[in-house]
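Letters A, B, ... mirror the listed sequences (proteins, then strands); counts begin at 1.
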Number of protein chains: 2
Amino acid sequence: MTASQEMLKADKTTDDKSRVRLWLRLLRASRAIEGELRERLRTTYNVTLPRFDVMAALYREPEGMLMSQLSKYLMVSNGNVTGLIDRLTTDGLVQRTLRDGDRRTSVVLLTKEGRENFEQMAASHREWINELLSHFSPDEAESLAETLKVFASDWEGEAR
Amino acid sequence: MTASQEMLKADKTTDDKSRVRLWLRLLRASRAIEGELRERLRTTYNVTLPRFDVMAALYREPEGMLMSQLSKYLMVSNGNVTGLIDRLTTDGLVQRTLRDGDRRTSVVLLTKEGRENFEQMAASHREWINELLSHFSPDEAESLAETLKVFASDWEGEAR
DNA sequence: TTAAATTATTTCAAATATAAAATATCTAAG
DNA sequence: CTTAGATATTTTATATTTGAAATAATTTAA
């Protein structure tokens with residue numbers, strides 16, 4: 001093995017540890033927060049986290065979203081979205097509407113009840129996040145968010 | 001509304017935005033990475049991510065772990081762990097052994113096959129993480145990991 | 001000792017999740 | 001027009017996940 005190969009290997013190993021550690025921390029942080037939010041949504045509003053996530057996505061788009069848009073935005077499979085929307089529709093929180101041009105697609109949007117329902121939950125949700133992330137000052141939060149921004153565009157864009 | 005109440009409300013709103021944005025970024029980052037790792041584990045080793053996670057936890061503890069320890073460490077429900085261990089046991093990667101003192105508990109550990117199997121996957125897993133987090137320098141990764149460390153101990157400890 | 005409370009795990013039902021296959025529709029080349 | 005390919009969604013089979021209830025074993029307290 002050449003000296004430069006040795007060097008390469010040494011660097012690689014160093015990188016390994018810090019990046020793997022970062023990933024494990026990232027994963028634990030999001031699992032911990034997600035678990036806490038799931039629990040609070042359930043006990044306070046009797047709603048599951050996936051349903052809340054879908055409603056949050058739809059709330060941001062008053063014109064509605066396609067199933068495929070929802071799937072991509074939430075980073076879950078198509079079949080998963082179908083089931084979630086089915087159940088939310090049954091409960092009158094969401095509705096599917098036909099589109100003019102393309103009969104393959106249907107636009108999904110919140111019903112009036114769904115919108116009102118979500119607004120209540122969203123207020124609590126914001127407060128809970130502020131509580132759970134209170135360890136970070138607004139400035140720290142801003143800066144950390146900026147650091148993590150890369151994942152929304154970097155390799156994700158081309159890979160998916 | 002008094003002046004101090006106005007002030008309070010203004011601060012609250014500011015905090016809201018940055019911390020919520022941070023949470024959404026954190027969530028998207030971990031979902032993106034998790035999805036990519038899941039896909040690669042599936043196509044390369046025909047293993048699911050939850051099974052890999054269980055094996056990773058057990059690999060760190062050669063003496064084995066209790067079901068409840070696994071559940072707490074992975075932050076998933078008890079019932080979930082039971083099913084995963086059942087399937088891993090069926091496939092010969094994991095085994096349950098009786099304990100001397102307490103007949104309610106059983107110690108779960110990797111079989112020789114499970115250990116060898118995991119070592120192969122873990123090497124790829126490390127490389128993939130370094131690739132996916134290559135945007136961060138080792139120093140940045142180290143520092144970011146330190147920042148996120150708080151979630152492993154802060155409010156999580158008392159809440160669960 | 002014995003009943004009550006606690007602890008560890010499993011079982012259960014329902015929801016969520018994935019990936020692959022099937023279905024339906026649209027688009028475009030000829 | 002017609003058909004091959006692309007696109008959007010649903011269906012299917014299986015696995016994962018949760019939370020609650022059930023089971024089993026241990027510990028505690030009277």
Side-chain angles (χ1 to χ4, degrees), chain A residues 30-32 34-55 57 64-91 93-94 96-108 160, chain B residues 30-32 34-55 57 64-91 93-94 96-108 160:
Chain A
S30 62
R31 278 198 189 167
E34 202 165 340
E36 190 65 25
L37 292 175
R38 179 195 308 279
E39 164 83 1
R40 295 189 187 192
L41 283 170
R42 183 181 60 82
T43 57
T44 311
Y45 294 107
N46 193 36
V47 74
T48 65
L49 184 55
R51 287 166 73 115
F52 177 85
D53 287 344
V54 168
M55 293 176 79
M65 294 175 82
L66 301 181
M67 299 297 280
S68 46
Q69 289 180 310
L70 266 173
S71 164
K72 194 168 295 184
Y73 178 73
L74 299 173
M75 295 194 254
V76 300
S77 67
N78 278 335
N80 185 6
V81 174
T82 296
L84 281 164
I85 295 298
D86 285 350
R87 286 183 291 271
L88 285 168
T89 301
T90 300
D91 295 347
L93 300 170
V94 146
R96 284 183 238 235
T97 65
L98 293 178
R99 280 226 295 183
D100 28 276
D102 193 333
R103 272 176 303 182
R104 290 170 305 179
T105 65
S106 64
V107 177
V108 183
R160 320 209 127 200
Chain B
S30 63
R31 279 200 189 165
E34 202 164 340
E36 189 66 25
L37 292 175
R38 179 194 308 278
E39 164 83 1
R40 295 189 188 192
L41 283 170
R42 184 180 60 81
T43 57
T44 311
Y45 294 107
N46 192 36
V47 74
T48 65
L49 184 55
R51 287 165 73 116
F52 177 85
D53 287 343
V54 168
M55 293 176 78
M65 294 175 82
L66 300 181
M67 298 297 279
S68 47
Q69 288 180 311
L70 266 172
S71 163
K72 193 168 296 183
Y73 178 74
L74 298 173
M75 295 193 254
V76 301
S77 67
N78 278 335
N80 185 5
V81 174
T82 297
L84 283 164
I85 294 298
D86 284 351
R87 286 183 291 271
L88 284 168
T89 301
T90 300
D91 295 349
L93 301 170
V94 146
R96 285 183 237 236
T97 66
L98 292 178
R99 279 227 294 183
D100 29 276
D102 193 332
R103 271 176 304 180
R104 293 170 304 179
T105 64
S106 64
V107 177
V108 182
R160 321 206 128 202

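Residue B/Leu49 contributes atom CG, which lies 14 Å from atom P of C/dA17 at whole-angstrom precision. Atoms CZ (A/Phe52) and P (C/dT16) sit 14 Å apart, rounded to a whole Å. We find that CG of A/Leu37 is positioned 17 Å from C1' of D/dT17, with the value rounded to whole Å. Rounded to whole Å, the distance from CD on A/Gln69 to C1' on D/dT7 is 14 Å.
The side chain of B/Arg87 places no N or O atom within less than 4.0 Å of a non-bridging phosphate oxygen (OP1 or OP2) of D/dA15. Between C/dT16 and A/Thr48, a contact under 4.0 Å exists linking OP1 or OP2 to a side-chain N or O. In this structure, A/Ser68 reaches the D/dT9 phosphate: one of its side-chain N or O atoms is under 4.0 Å from OP1 or OP2. Distances shown here put every side-chain N or O of A/Asn80 at or beyond 4.0 Å from the OP1 or OP2 atom of C/dT16. Between B/Arg103 and D/dT26, a side-chain N or O to OP1/OP2 separation shorter than 4.0 Å is present.
In this structure a side-chain-to-backbone donor-acceptor pair under 3.5 Å is missing from B/Asp91 to B/Leu93. Here the side chain of A/Ser71 pairs a donor or acceptor atom with the backbone of A/Val76 at under 3.5 angstrom. Within the 3.5 Å criterion, the main-chain N or O of B/Leu74 finds a donor-acceptor partner in the side chain of A/Arg31.
Closest non-hydrogen pair, A/Arg96 versus A/Ser106, comes out as CD-OG, 3.8 Å.
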What does the list of N/O pairs under 3.5 Å between the protein and nucleotides 1-4 of chain C look like, with a distance for each?
none

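Note: A/Leu70 CG to A/Leu84 CG = 9.0 Å, rounded to the nearest 0.5 Å.
Within 4.0 Å (heavy atoms only), A/Asp102 reaches sugar-phosphate atoms of the nucleic acid but no base atom. Residue A/Gly101 is in sugar-phosphate contact alone, with no base atom involved, counting any heavy-atom pair closer than 4.0 Å across all strands shown. The residue B/Thr105 sits close only to the backbone: its heavy atoms come under 4.0 Å of sugar-phosphate atoms, none of a base. Contact annotation for B/Arg99: no contact, since no heavy-atom pair falls under 4.0 Å across all strands.
For B/Arg38, the side-chain contact (heavy atoms from CB on, under 4.5 Å) partners are B/Glu34, B/Leu49, B/Pro50, not counting sequence neighbours.
Side chain A/Arg104 to base D/dT9: no donor-acceptor pair is found below 3.5 Å.
Among the nucleotides D/dT18, C/dT9, C/dA19, the one closest to any side-chain atom of B/Leu66 is C/dT9. Comparing C/dA17, C/dT10, D/dT9 against the side chain of A/Asn78 picks out D/dT9 as the nearest.
Comparing A/Arg42 and A/Arg96 by the nucleotide of DNA chain D whose heavy atom lies nearest to each, the residue mapping closer to the 5' end is A/Arg96.
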